[in-house]
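Here's the structure we're looking at; comments come further down.
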Amino acid sequence: MTTSRTALLNNRALPARSAAGWWSAASCRGADIDTFFPSPGDLATVQRALTICDRCPVRISCRRYALDHRERHGIWGGLTEETRETLLRIGPPSRLRTPPESRGASGG
């Protein structure tokens with residue numbers, strides 16, 4: 001008999017692409033999936049999910065996964081759908097640039 005390696009959330013199989021190594025350490029494992037996919041306007045449930053994410057040791061990996069795979073629904077890595085959409089729209093932060101040295105600027 002072989003054991004399944006499918007990642008589960010509340011006994012529901014997640015897509016195969018989410019079975020990344022970080023998943024086994026996620027604080028949300030075993031939690032009610034509805035907590036991370038709340039109804040519109042259900043701020044209490046959103047807050048409950050964000051509280052779980054805040055103490056999660058793999059929050060950054062989860063967040064990266066959601067952004068890389070453009071997850072459109074649910075709370076991932078402490079980010080709501082709206083926050084992820086905004087981050088994807090504005091893109092990654094630009095690199096800090098050293099201001100160019102002034103060339104031959106003459107003083108008065």
Side-chain angles (χ1 to χ4, degrees):
M1 181 179 231
T2 61
T3 56
S4 171
R5 292 183 182 215
T6 304
L8 300 175
L9 179 61
N10 198 29
N11 295 321
R12 295 185 195 173
L14 287 168
R17 67 183 185 201
S18 70
W22 55 266
W23 177 249
S24 62
S27 294
C28 61
R29 253 189 106 181
D32 183 356
I33 196 167
D34 292 336
T35 301
F36 298 91
F37 295 90
S39 301
D42 186 354
L43 300 180
T45 301
V46 169
Q47 188 57 50
R48 196 165 40 251
L50 294 177
T51 299
I52 292 169
C53 291
D54 281 346
R55 66 175 189 256
C56 183
V58 296
R59 179 179 67 230
I60 301 304
S61 296
C62 180
R63 184 177 293 178
R64 281 189 188 132
Y65 170 85
L67 291 168
D68 290 348
H69 293 93
R70 299 195 181 268
E71 288 291 344
R72 296 189 64 190
H73 304 287
I75 296 170
W76 292 79
L79 300 178
T80 63
E81 298 162 357
E82 295 82 8
T83 303
R84 284 194 313 280
E85 182 180 312
T86 300
L87 289 172
L88 289 169
R89 187 175 61 249
I90 64 174
S94 11
R95 297 178 127 199
L96 294 176
R97 295 185 180 146
T98 306
E101 295 178 9
S102 51
R103 297 180 202 159
S106 57

Measure the CG-CZ distance between Leu67 and Arg70 for me, rounded to the nearest 0.5 Å. 8.5 Å
Would you say the side-chain atoms of Arg84 pair up with the backbone N or O of Gly74, donor to acceptor, closer than 3.5 Å? yes
Hey, what do you get for OG1 (Thr35) to CD1 (Ile75), rounding to the nearest 0.5 Å? 9.0 Å
Parallel, tilted or perpendicular: which describes the rings of Trp76 and Phe37, with under 30° parallel and over 60° perpendicular? perpendicular
Group every Ile, Leu, Val, Met, Phe, Trp and Tyr by side-chain heavy-atom contacts under 4.5 Å, then state whether Val46 and Leu79 land in the same group. no
To check you understand the geometry: which heavy-atom pair defines the closest contact between Pro57 and Ala25, and what is its length? CG-O, 3.5 Å
Indicate the atoms forming the closest heavy-atom contact of Glu81 with Arg72, along with that distance. CG-O, 3.4 Å
For Arg59, enumerate each residue passing the side chain to side chain donor-acceptor pair (under 3.5 Å) test, keeping only those at least two apart in sequence or located in another chain. none
Nearest non-hydrogen partners of Ala26 and Cys56, listed with the distance: CA-SG, 3.8 Å
With Thr45 via side chain to side chain donor-acceptor pair (under 3.5 Å) - residues at least two apart: Asp42, Arg48
With sequence neighbours excluded, residues passing side chain to side chain donor-acceptor pair (under 3.5 Å) with Thr86: none
Work out which heavy atom in Cys53 is nearest to a heavy atom in Gly78; give both atom names and the distance. SG-N, 3.3 Å
